[in-house]
Q: 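This is the structure, below, for whatever I ask next.
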Amino acid sequence: MAQIGQVLVDVPTMQTNEPYSYAIPDQLQDQVEPGMRVTVPFGHRMVSGFVVGISDESDYDGQLKPIQAVLDLAPVLNRELRQLADWLATTTFAFRITCIQTMLPNLLKASVERFIQPTDEISAAERTTYFPDGTARPFDTEKLDEATVSGLLKLRRAGKVTVTYQVKDKAAVKTLAAIVPALPATKLQEIATTVAKRAPKQAQLLTYLQTMGDQPVAQTQVAHEAAVSAEVIRTAVAKGWAAKKALEVYRDPFQRPVQPTQPLTLNAEQRVAVDAISAAVTAQRAQTFLVEGVTGSGKTEVYLQSIAQALKLGRTALMLVPEIALTPQMTNRVKSRFGHAVAVLHSGLSKGEQYDEWRRIDRGEATVVVGARSAVFAPLHNLGLIIMDEEHESSYKQDENPRYHARDVALWRGRYHGCPVVLGSATPSLETRARAAKGLYTRLVLAHRVNDHPLPTVHIVDMREALKANGDGDFSPDLLTAIQARLDRQEQVVLMLNRRGYSSFMMCRDCGFVLKCPNCDISLTLHVDTHSMKCHYCGHEEAIPRVCPNCHSRKIRYYGTGTQKIEKALQERLPAARILRMDVDSTRRKGAHERILKQFGSHQADILLGTQMIAKGLDFPNVTLVGVLNADTALGLPDFRASERTFQLLTQVSGRAGRAEKPGEVFIQTFNPDHYAIQLAQRQDYERFFVTEMHMRHQGNYPPYYFAAQLTASHEDEQVAAKAMYQIVAVLKQGLSPNAIVLGPTPKAIARVKRKYYYQVVIKYKHEPQLQAVLEQIRQGAQQAQRGLTITIDPEPMNFM
DNA sequence: AGCACGCCGACT
DNA sequence: GTCGGCGTGCTC
């Protein structure tokens, strides 16, 4: 019976979110399998598509078109990952094809190219103007100038030219020229006796060919080992002694060799953790662990030994780390333990390297994968363990469709494979820690630093006092004195500027008061366009204050500053200091990040000044002082996670001081010295912070007590965006229970981005069985709504700005 | 997404 | 009268 392929076409729209039926032509019969990429005619053009099923019949009434070509010899997504794609699509409200593209390496995303060519109808004059080469030319409306495009389109209407489509598969396997003997060894030996005396090189090669077996060897290697030139090899091939073959090779992203390491001896806490995780690995139990360990408590060693257990049982392991922590030092540590079994996936690799690593994993040649967010889709078979380090990091959440959280995907895969998931952090997210408290996750605590180094002394500097003393809002006298002392002692300093919070909010420089919403306990954001302060949660609006409502000081103003400005100010104060700046600007170029760190590591600078990115995972033994210039900025953000983020950041950055023999010191400059997030970060008291913050969340009906979902509408016309949001609120109110709290609509913090206005609604709820259906209904409705109107749904937002 | 179809205003 | 502007709807 004729087969029919169910194909998801690569056209991300609501109408094409279901598979379309295509006839499988005879010559492709039994070649097409679910999980393969194909090209199909769609409308009046060719598109690429993805086969999700094969069946005998279709419920489509019309005439089926045939699949044009198959792009893969084997499925690129196995059954597990296809199921995962469907789950992702329903839970994140993203298109199925978008989910599939997200899971595949970039190179497997086929592109469509258009070509235009003359027909017989065309006149000679037209041919010479538009087709100087006389034949088909690429037709990219973006690249050609307008006159040419309109001219060509006119010709097309007249039937004088036709447009053809070509789906181009970028997936390129890198090959090397390789040599394999074409004759049996005995025959070669026979020939060897007959070659001319004055052809010693040919004899040499013949001898070599006899020894090499039937596996192809790279031509360069043959030339080297047989000590002959490429010309001699060519002659041999021409004479039929050897054959040329294309040898498939991987673009190896890490050429440099690593020193093998042995497992370290574990302390009692680490032992308990490894044993618990190993037991779950062995029992193939989908158990979730929270490994809570302070900086330097040896979490990584726990991960590595747990991975070893999975490998010992013939299973594979996945280790996720935040992109920013995916440094060569980090990956080398894993590679030196597990050698060639390790594949690394991250954005620093070229597309080709990513694809090759992906293929090594898919073929089972790599059994340990280390990577950032998207590595959670690594095509590992037979997973035995998933680890997610620094699980609280917000970079695990993708900000565009599909808006997935790698943690949720990891837990899904854990359930699928029956394998444990280990979430690790010194400062777990409230959600995770709360689940551990409820007994849903098993909590494993590493309270001791491996070398018993004392934690650094943390000083809180009250900037209100400092401001009075020297009138400088950036550097306190205490911090400057401390920096000078390190310069004198040839030690190094890390200074962090909290740049998140560049958004303009109002804070009093005398008392630290931040203007907040009376309804939401969230800071108000300044809107220059309307000259007012707005709450992005409930829409409350009030005038911009001239004096501080708390202490009546006139020093209430916007808060926010940049690294360049700070660098200049610091250099003026400490002319002798060698300052290295690290921020988004100075690390934009590839490899710049690593180069700066290397420079600092070899003490080519005294002070490293940077943004958040310096808080994570740096380990410089000579750094004995860490300064946080503005601890408050994140606190001022209109986000209920502001305290949590501040606490996590301060705790992390504090861990950067004095990790070696020299004791460390930390200075936190703040206008809110009494804020619990800052106070508790000073004491490195996560538990106390957890309890306090949980109380705050309970008071405000925020996660983890409530779930939150966010809907955003954007349109060039502000009225249209706002109106759409009001209609959505009406749908929500009707479809949801009275217990659901619908906040908004309100304009977003940056209301106008790329000439579009953004309005949002936040839903807080505990138990809404109808929510999925209502959101789905809104998504359906969004399709036939106004042109240019975009509705996004985020079922678990991390950012409320 | 990209294209055809179809309905309106500014030209030959 | 027609060319071509964009708004609307469909693609197995």
Side-chain angles (χ1 to χ4, degrees), chain A residues 1-26 28-29 32 34 36-71 89 94-102 109-117 126 138-168 170 400-402 714-717 720 779-792:
Chain A
M1 184 177 288
Q3 292 180 316
I4 291 168
Q6 305 299 332
V7 177
L8 281 174
V9 291
D10 185 10
V11 178
T13 62
M14 204 65 230
Q15 299 94 312
T16 53
N17 202 26
E18 287 300 317
Y20 276 41
S21 303
Y22 281 90
I24 298 176
D26 289 344
L28 295 180
Q29 207 74 226
V32 186
M36 287 178 175
R37 297 169 307 143
V38 290
T39 56
V40 290
F42 185 69
H44 302 268
R45 65 212 160 106
M46 278 297 159
V47 296
S48 68
F50 187 88
V51 181
V52 291
I54 304 283
S55 53
D56 296 335
E57 49 187 40
S58 160
D59 43 17
Y60 181 68
D61 291 335
Q63 177 70 40
L64 297 189
K65 290 184 182 176
I67 287 176
Q68 188 207 240
V70 188
L71 293 178
F95 300 123
R96 294 169 72 182
I97 193 70
T98 314
C99 294
I100 287 165
Q101 308 277 22
T102 307
K109 186 174 161 48
S111 61
V112 180
E113 283 177 11
R114 296 195 295 173
F115 291 90
I116 198 153
Q117 58 245 315
E126 287 161 342
F139 184 52
D140 185 342
T141 42
E142 302 284 294
K143 279 191 188 144
L144 299 171
D145 63 276
E146 268 178 51
T148 314
V149 171
S150 64
L152 284 168
L153 287 176
K154 196 182 241 169
L155 290 183
R156 182 162 66 151
R157 274 189 295 275
K160 292 178 176 173
V161 297
T162 52
V163 178
T164 53
Y165 300 83
Q166 215 171 313
V167 177
K168 207 174 145 197
K170 286 174 288 185
E400 56 190 51
N401 283 332
S714 64
H715 193 272
E716 285 196 12
D717 183 349
V720 175
R779 179 162 84 128
Q780 299 280 350
Q783 190 65 27
Q784 58 253 45
Q786 285 234 22
R787 250 182 117 76
L789 178 74
T790 319
I791 306 286
T792 58

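Note on naming: letters A, B, ... go to the chains in the order of the sequence lines (proteins, then strands), and numbering restarts at 1 for each one.
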Q: With sequence neighbours excluded, tell me which residues meet side-chain hydrogen bond (donor to acceptor under 3.5 Å, both in side chains) with A:S58.
A: A:S21
Q: Under the rule for side-chain hydrogen bond (donor to acceptor under 3.5 Å, both in side chains), what residues qualify as partners of A:T39, not counting sequence neighbours?
A: A:Q68
Q: Does any part of the side chain of A:I4, heavy atoms only, come nearer than 4.5 Å to the side chain of A:I24, both counted from C-beta?
A: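 With C-beta onward as the side chain, the pair stays apart.
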Q: Who passes side-chain contact (heavy atoms from CB on, under 4.5 Å) against A:P34, sequence neighbours left out?
A: A:I54, A:R82
Q: Tabulate protein N/O versus nucleotide N/O from nucleotides 3-6 of chain C, keeping only pairs under 3.5 Å, one per line.
A:
from: C:dG4; atom 1: OP1; to: A:K154; atom 2: NZ; distance (Å): 3.2

Q: Compare every heavy atom of A:N401 with every heavy atom of A:T98, then report the nearest pair and how far apart it is.
A: CG2-O, 3.9 Å
Q: Can you pull the contact range of chain A along DNA chain B, 5' to 3', using atoms under 4.0 angstrom from its heavy atoms?
A: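 Range of nucleotides within reach of chain A: B:dA1 to B:dA4.
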Q: If you look only at pairs with a residue in residues 7-16 of chain A, which of them pass as a salt bridge (charged side-chain N to carboxylate O under 4.0 Å, His left out), with sequence neighbours excluded?
A: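 Qualifying pairs, neighbours excluded: A:D10-A:K109.
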Q: Scan for ring-ring contact (aromatic ring centres under 6.0 Å, His included) pairs involving residues 6-26 of chain A, sequence neighbours excluded, and state none if there are none.
A: A:Y20-A:F42
Q: Who pairs with A:E18 by salt bridge (charged side-chain N to carboxylate O under 4.0 Å, His left out), at least two apart in sequence or on another chain?
A: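 Once residues adjacent in sequence are excluded, the partners of A:E18 under the salt bridge (charged side-chain N to carboxylate O under 4.0 Å, His left out) criterion are A:R96.
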Q: Could I get a table of every N or O pair under 3.5 Å where one atom is in the protein and the other is in nucleotides 8-12 of chain C?
A:
from: C:dT11; atom 1: O3'; to: A:G43; atom 2: N; distance (Å): 3.0
from: C:dC12; atom 1: OP1; to: A:P41; atom 2: O; distance (Å): 3.3
from: C:dC12; atom 1: OP1; to: A:G43; atom 2: N; distance (Å): 3.4
from: C:dC12; atom 1: OP2; to: A:K65; atom 2: NZ; distance (Å): 2.5
from: C:dC12; atom 1: O3'; to: A:S21; atom 2: O; distance (Å): 3.0
from: C:dC12; atom 1: O3'; to: A:K65; atom 2: N; distance (Å): 2.7
from: C:dC12; atom 1: O2; to: A:S21; atom 2: N; distance (Å): 2.6

Q: Taking side-chain hydrogen bond (donor to acceptor under 3.5 Å, both in side chains) as the test, write out the residues that go with A:S55, two or more places apart.
A: A:Q6
Q: Taking salt bridge (charged side-chain N to carboxylate O under 4.0 Å, His left out) as the test, write out the residues that go with A:K65, two or more places apart.
A: none
